[in-house]
Asker: 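One structure, pasted below without further comment.
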Amino acid sequence: MKLPPHPRTREEILSALSALRARDLDARGGRVWSYSYHAGPEVEELAAEAYVSFLGVNGLDPTAFPSLLALENQVVSMLAAHLGGGEETAGTFTSGGTESI
């Protein structure tokens, strides 16, 4: 596959993405139990807004984006407390897959 000779329009891009998703299972239907968890439309809307607000942020450099470091520290602290950890508990955000193992 090669790069297209001309930029695709917004409609062409969205149409191509829609065609790719056409055979995906519906994560909102309660039948995809081990790969995707749908918490409801309100949570989905909030997650989309939160995602867009951090779309241009690179999690590899918390010195450039201290907001991510603050979020990471908050999440690690909450999970440590939930799981019985303390001040000495450490953790980090990962992007999934092998990195998270």
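Side-chain atoms are counted along with the backbone in the values below, which use heavy atoms only and exclude waters and symmetry mates.
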Asker: Treat each ILVMFWY residue as a node, draw an edge where side-chain heavy atoms are under 4.5 Å apart, and state whether L79 and L71 are in one component.
Answerer: yes
Asker: For the residue pair A80 and T89, what are the closest heavy atoms and their distance?
Answerer: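 For A80 and T89, the tightest heavy-atom pair comes out as CB-CG2, 3.6 Å.
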Asker: Restricting to non-hydrogen atoms, name the atom on F65 and the atom on V57 that form the minimum distance, rounded to 0.1 Å.
Answerer: CG-CG1, 3.5 Å
Asker: So, taking the atom named OG1 in T63 and the one named CG in L68, what distance separates them when rounded to the nearest 0.5 Å?
Answerer: 11.0 Å
Asker: Of the non-hydrogen atoms in P62 and G59, which two are nearest, and what is the gap between them?
Answerer: CD-O, 4.5 Å
Asker: Do you know which two heavy atoms are closest between A27 and H38, and how far apart they sit?
Answerer: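 Closest pair (atom of A27, atom of H38, distance): O-CB, 3.4 Å.
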Asker: Do you know the tightest heavy-atom contact between F54 and S67?
Answerer: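 Closest approach of F54 to S67, heavy atoms only: CE2-OG, 3.4 Å.
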Asker: Once rounded to the nearest 0.5 Å, what's the spacing between atom CZ of F93 and atom CG of L60?
Answerer: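 Rounded to the nearest 0.5 Å, the CZ-CG separation comes out at 13.0 Å.
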Asker: Can you see which heavy atom on D24 is nearest to which on R21, and at what distance?
Answerer: OD2-NE, 2.7 Å
